[in-house]
Structure formats: structure tokens, C-alpha cells
Student: 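Could you have a look at this structure, given as C-alpha cells, before my questions?
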Amino acid sequence: MEHAALHLAGIGLLALICQWVAWQLQLPAILTLLIAGIAAGPVTGVLAPDALLGDLLFPLVSLAVAVILFEGALTLSFRELGGHGRTVRRLVTWGVLVTGLIGTGAAYLLLDLSWQMASVLGALLVVTGPTVVLPLLQTLRAKENLTQILRWEGILIDPVGAIGAVLVYEFVALGGSVDAGNAAAHTLLLFGKTALIGFGLGIAGGYLWGLVLRHHWLPRKLHSFGTLMMMLTLYSISNTLFHESGLLTVTVMGVWLANMRGVPTQPIIEFKETLSVLLISGLFILLAARLTVDQLSLLTWPAWAFLAVLVAVARPLTVWLCTLGSGLDWREKTLLAFISPRGIVAAAVASLFSLRLESLNMPGAELLVPVTFLVIISTVVMQSLLARPLAGALSLSRPTPRGFLIIGANPVARAIAGALQDNGFKVLLTDNSWDAVQEARAAGLPVYYGDPLSEHAAQHLELTGIGHLLPLSPYRELNNLAALHFEPQVGEGKVYRLAVKAGKKPQPRHDQALGHLPVAFGDDVTFARLSSLIARGATLECMPITPTMKIEDYRARHRDRLLPLFAFTPGGRIRIATAQESFVPRSGEIMIGLPYAETGSEAMEAQRTERRRPTA
């Protein structure tokens, strides 16, 4: 028991290291997790999942895949599918079918698989997924229309492709479990029964549980936990009623909840964060460790040729067909055709299908996992390294982003965001206060409602054009975590912090991780001070700097009661006043400053001084 506990703790520690390395290198975490699993399994033999978990391995993998498919389906809103262009709709419908057919044909011809096994492999390799696409897009910085297409394809194709893969697998698995004489007719009958149970239980479970959530018949704090337990219960019941129907059930249930009116799915999706990191990280280390030297030896030239067909034939042809009449030019289509990394769903579903098909003695089932892992690792590595240079060579890279992600939508954040937006700078505010979000929207400011550090934000927080981060929330911990979280995406030197206490620099023992971040607006400008000034009626002003009107003149005009915040050129280059550097706006720049009125004590002192001043 102690030996097993040590191995499980080691898997958790290794997963943490892999996640950290991926974060540092800005690569999809699945890549480092799979490499670590292969190193711990077939390369060194340190980790043997079958010996470690025994009979529990199959149920754990099965339940983990069910959770992944369910939570992926929760993001499949038909409203979003209809609102992001004909190209996206084609890619996640006809594109899935074209890619699956080409993959099936290539697997049959090159890998010497039966049509049944080839169709399973072709179906499960159509999915890309947000876990691999979104980190790639953050470093790619392609034109916004291409980013939107790839982003929404990655989000929507995950559950759509998973449904297709499950249906194909059900057909193949059921066909192999009956006598050859009646195989075709009996398989269709069993397939219909699977579809009936899967869709029936999924729709019924989704509708009834949606009523529970909509009417709050369960305390809000139990919504996420209750949804997870209900999903796992339906999965088990479905499999009990008919073998292998559970995956279809939970996928349909997730889609139904995502599209049911009045159902608060946001907290459920956010619950995915810790669960996904824990579950997926451990799962993929275990799955990669199950690879054997014999399986790796199967990756001969036919497997590489199959990979080449997927990358060089299936994807370009799919993109060309799905972008007919879209208005995209050949350069844009080329970049879209290059980017299609495979991810988490493909690896998990391949491992699960392989386990089950091997138990049915299906020939060729041993090829599913190694070929799938070859496609995942190759596409992630190749496209992570080459996508940005290709975008630059095609002149599809966006200029240096100069927009602002502002943490908070309070009056301070709204005032600063409004001044920036009025002068042509993109802004995006984030807050989990509904009242603050409503105020920001009423002021015409783009805002994201929710936790900016959540998994939902990772998928839906649009950072296109964002090049700076300003933490203007009253919560210091949130500001600090946001700064650390977004620094790899925004860039070094573009993430700022506010002074903790006026006139005092943050103490190293409290802010060691933040010591390198510039202090916005100066050491004496805290959030409390900004909030107090704006509450008393101070407003931001634009102050052109000319040879005859310098910052000293503006200070004198406002009796030295002026906080300089930004200076920008008409061309769009902007500088932020910081405590680390002397801030002197140059001639030709426009300064955004915050002049503020005298307090009562200051006004009385000024009047006394004025009375004491000698008259001419």
C-alpha cells in the first residue's frame, strides 16, 4: 500500500512539474505530460500503470474520459456555433466528416487495418481541442479573423468530434460481438439500441437535472458536485442497461445542459479547473506510461506516412473545401491548413477504445494508442515551433499589441479604461461583480464577467490585441495572481502592479515573485488613493505636450495636484508612468493625467497663505 501511495504521489508531483514547464515554455501541457509519461514508462520502466492500479485502471480511465467528454460538451452552445461564421460551421460539421473519411482511407491503405479499425482511428483523430489550440494562438498572434476561426474551431470541434468518434466506436465494437452470419443486421439493431439509450438517457438526464439547477432545488454550493455525481451515475446506469452506451449518454447530457435556457452552467464549467488539472495530468502520464517498447516499434514508415497524409492532405483539403466563398485569400487558407494540433480528447479516447477493443480481440487495436500519440506529439511540436514563423512569412502576423487587460470593472478601472478607449487603445475589463460589469457595459466598455484566472476565461477571454495588464482591482491577491498568470502571455515588462502603501515599496518577503514588475503610476499611487480621488470627482484629462506647454506647466496650472498616468504618440505608442523610471512626456506626445481638487484642509491652508501674501 505504501508503495502504491508513493507512486501516486510521484505521479502528482511529476504532473505539477510538467504543468510548470509547459507554462514557462508557453507550450500545451499535454506535450510535457506525454513526454514525461513515456520517459517514466517504456523508456525507464519506473512506472507500470497496469501493475500499479490493476483492475482499477480500466474503470478510472473510463470515468476520466466520461468527465472530459461531458465537460467538453458543456461548452457546445448552438448559439455560439451559429454566431461565428460560415467557415467555422463548415469546419466543425463537413470538415469533421472530410477529415474522418481521409483518415479512415489512409489508415486502411497504409496501416493495413480493417475498415472497422481504420474508421475508429480516422474518427478519433478529427478533434483538435482548446487545450492545444489556445496556447498556440497566444504565441501565434495571427490576424484577428484567423485567430477567431481557429479559436472557435478548437472549442466546438472537441465535443462534436467526440460524439462522432463514440458513434463510430459503438458501431465497430457492437459489430465484433455477434456471430458473423447476422453481423450486419444485428449490429445495426444493437447500434440503434445504443443510440436510443444514449440519446434517451442523455436528453432525459440533461432536462431533469437542468430543472434542478434552474429552480435551485439544490444549494448553489452543491451544483458542481451534484452535476458531476449525476453525470457519473447516468454513465454507470447507461453502461449497465447496455454495454458501451455511457459515453454517448454523458456527451448528449452535456450538450443539452449547455443549450437549455436558464441553466447556470458557469459555476459547473469553473469547477472543471482543479478537477481537469488533477485528472487530466495524472491520466495522460498514466496513458503514456502504458506504451510499451513493442508498441513503439510499430511506428515504422507506414505510421509516419499516415501522419503525413493527415497533415499534408486531409487538413489542407478540408480547409479548402470549407473556405469556398469565404473571402479568405490563399495566404490565410495556408495558415489555417497548417494548424490542427491533436490533443487531450484524442489521447484519452484512443486509450479507452484500445483497452476495450483489445478485450474483444479486434485485430489492429494495438495500433490505436501509439499512432494517436505519434500524431499528437508530432503536430503539437511541429506547429508550436513553426506556426509563428509561417505567419510572419505570409505577412499574417498582427502588429505589436498595445491594448490593455484591466483587472477590475470598478469606478477606477472604468475611468482609466474609458480614457484609454477614447484615445484609440483597445481595453478589456474583467470582474466577477455583476453590478460592476453592468456599469462597464453601460459605459460602452468591453468586459468579461467572471474570474480571469478560470478555465472558462482561458477559453473565452479574448486577448487579441492585448499588450499590457493593469491590476486595478481592490483585491491585492487577485491583482498579484493575475499579474503572474498573464505575464507569459502579455510579455515581460508589460505587466504592472500598484503600490501597496503610499510612499513605501513592497516588502521583498511579501512580494518576492512580483519584485520585477514595474509599479504603475508611482510609489505613492495606491488603489485606495485613486479610488478616493475619483470618488471626490476627479476626472482624467488629455494634455498635449508642446514646446510651449510642458508637464511643468500643467503641474503649475493644477497647483501641483496632478498625477501623470500615460503618455502616447498620435501613432499609438504608449508609455506608462512608473516608479522605476523618471516620467517626462516628450513634445508631440499626449499625456493622460488625473488632476484632483484640494481637500478641505488643503483649501483652508491655501486661503491662509493667500491672506498672508503681501499685496502690490
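Keep in mind that this is a model prediction, so the values were computed, not measured.
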Student: Ignoring hydrogens, what is the shortest heavy-atom contact between Ala417 and Leu429? Give both atom names and the distance.
Tutor: CB-CD1, 3.6 Å

Student: Any side-chain heavy-atom pair from Ile406 and Leu428 closer than 4.5 angstrom?
Tutor: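 With C-beta onward as the side chain, the pair stays apart.
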
Student: With rounding to the nearest 0.5 angstrom, report the SG to CG distance, Cys18 to Leu13.
Tutor: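 Reported value, rounded in 0.5 Å steps: 9.5 Å.
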
Student: Could you measure the distance from the CZ atom of Phe527 to the CZ atom of Arg476? Nearest 0.5 Å is fine.
Tutor: 14.5 Å

Student: Tell me whether Glu581 at atom CD has more than 12 heavy atoms from other residues, nucleotides or ligands lying less than 6.0 Å away.
Tutor: no

Student: What's the verdict on side chain to side chain contact (heavy atoms under 4.5 Å, CB included) for Phe583 and Arg575, showing C-alpha distance, side-chain angles and the deciding distance?
Tutor: CA-CA 9 Å; Phe583 183 73; Arg575 296 185 296 123; 4.2 Å; yes

Student: Minimum heavy-atom separation for Trp209 to Gly226, with atom names?
Tutor: CZ2-C, 3.4 Å

Student: State, with a plain yes or no, whether a side-chain heavy atom of Leu33 is found less than 4.5 Å away from one of Gln19.
Tutor: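 Touching, per the 4.5 Å side-chain cut-off.
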
Student: CG/Leu228 to CG/Leu222 distance, rounded to the nearest 0.5 angstrom?
Tutor: 12.5 Å

Student: For Val447 and Ala409, work out which heavy atoms get closest and say how close.
Tutor: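 Distance-wise, the nearest heavy atoms are CG2-CB, 4.4 Å.
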
Student: Take Trp217 and Leu211, measure what side chain to side chain contact (heavy atoms under 4.5 Å, CB included) needs, and give me the verdict at the end.
Tutor: CA-CA 8 Å; Trp217 293 335; Leu211 292 179; 4.1 Å; yes

Student: Under 3.5 Å, is there a donor-acceptor pair between the side chain of Arg586 and the main chain of Ala567?
Tutor: no

Student: Can you tell me if Asn479 uses its side chain to pair, donor with acceptor, with the backbone of Leu498 under 3.5 Å?
Tutor: no

Student: Just so I know, are the side chains of Arg561 and Pro595 near enough to count as touching, which here means a heavy-atom distance under 4.5 Å?
Tutor: no

Student: Can you tell me if Arg497 uses its side chain to pair, donor with acceptor, with the backbone of Val519 under 3.5 Å?
Tutor: no

Student: Could you give the distance from CD1 (Ile407) to CG (Asn480), rounded to the nearest 0.5 Å?
Tutor: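 So the gap between those two atoms works out to 11.5 Å.
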
Student: For the pair Leu396 and Thr334, evaluate side chain to side chain contact (heavy atoms under 4.5 Å, CB included) and give the outcome as yes or no after the intermediate values.
Tutor: CA-CA 10 Å; Leu396 295 176; Thr334 299; over 6 Å; no

Student: One thing to verify: whether Arg555 and Glu552 come together as a salt bridge, which I'm taking to mean a side-chain N less than 4.0 angstrom from a carboxylate O.
Tutor: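 No salt bridge links Glu552 with Arg555.
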
Student: Side chains of Phe566 and Leu420, heavy atoms from C-beta outward: is any pair under 4.5 Å?
Tutor: yes

Student: To the nearest 0.5 Å, what is the distance between CG (Leu530) and CG (Leu472)?
Tutor: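 So the gap between those two atoms works out to 7.5 Å.
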
Student: Under the 3.5 angstrom rule, does the side chain of His558 hit a backbone N or O of Tyr596 as a donor-acceptor pair?
Tutor: no

Student: Is any NZ, NE, NH1 or NH2 atom of the basic residue among Glu153 and Arg315 found under 4.0 Å from an Asp or Glu carboxylate oxygen of the other?
Tutor: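 Answer for the salt bridge query: yes.
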
Student: With a cut-off of 6.0 Å (strictly less than), are more than 12 heavy atoms of other residues, nucleotides or ligands near NZ of Lys426?
Tutor: yes

Student: Which heavy atom in Pro446 sits nearest to a heavy atom in Gln421, and how many Å separate them?
Tutor: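 Result for this residue pair: CD-OE1, 3.3 Å.
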
Student: Would a 4.5 Å heavy-atom cut-off, applied to side chains only, mark Ile592 and Ile416 as touching?
Tutor: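 The answer is no, as the side chains (C-beta and beyond) never meet within the 4.5 Å cut-off.
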
Student: Taking C-beta and beyond as the side chain, do Leu336 and Leu150 meet within less than 4.5 Å on heavy atoms?
Tutor: yes

Student: Any non-hydrogen side-chain atom of Ser473 less than 4.5 Å from a side-chain atom of Asp431?
Tutor: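 Contact flag for Ser473/Asp431 side chains = no.
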
Student: Whether Glu487 and Lys494 form a salt bridge (side-chain N of Lys/Arg under 4.0 Å from carboxylate O of Asp/Glu) is what I want to check.
Tutor: no

Student: Please name the pair of heavy atoms, one in Ser326 and one in Arg86, separated by the smallest distance, quoted to 0.1 Å.
Tutor: N-NH2, 4.1 Å

Student: So, Gln438 side chain and Asp435 main chain: donor-acceptor pair closer than 3.5 Å or not?
Tutor: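 No.
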
Student: Is it true that a side-chain atom of Gln383 and a backbone atom of Phe338 form a donor plus acceptor pair closer than 3.5 Å?
Tutor: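 At least one qualifying donor-acceptor pair exists.
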
Student: Do Arg573 and Phe568 meet the cation-pi criteria used here (NZ or CZ under 6.0 Å from the six-membered ring centre, within 45° of the axis)?
Tutor: no

Student: Does a side-chain heavy-atom distance below 4.5 Å link Val495 with His468?
Tutor: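 They are not in side-chain contact.
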
Student: For the side chain of Asn423 and the backbone of Ala419, is there at least one donor-acceptor N/O pair under 3.5 Å apart?
Tutor: yes

Student: Between Thr93 and Arg89, do the side chains contain an N or O donor and an N or O acceptor separated by less than 3.5 Å?
Tutor: no

Student: Looking only at heavy atoms, what is the nearest atom pair of Leu394 and Arg331, with distance?
Tutor: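 Shortest heavy-atom separation between Leu394 and Arg331 comes out as O-NH1, 2.6 Å.
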
Student: Could you walk me through whether Ile149 and Leu328 pass the side chain to side chain contact (heavy atoms under 4.5 Å, CB included) test, one step at a time?
Tutor: CA-CA 11 Å; Ile149 291 173; Leu328 298 175; 4.1 Å; yes

Student: Looking at His223, is its backbone amide N or carbonyl O close enough to the side chain of Thr227 to form a donor-acceptor pair, meaning the two atoms are under 3.5 Å apart?
Tutor: yes

Student: Is Asn432 reaching over with its side chain to a backbone N or O of Gly450, donor-acceptor style, under 3.5 angstrom?
Tutor: no

Student: Can any side-chain N or O of Thr379 pair as donor or acceptor with the backbone N or O of Arg342 at less than 3.5 Å?
Tutor: yes

Student: Got a second to check how far Ile551's CD1 is from Met591's CE, nearest 0.5 Å?
Tutor: 4.5 Å

Student: Does Arg529 qualify as a cation-pi partner of Phe521, given the criterion of NZ or CZ under 6.0 Å from the six-membered ring centre and within 45 degrees of its axis?
Tutor: no

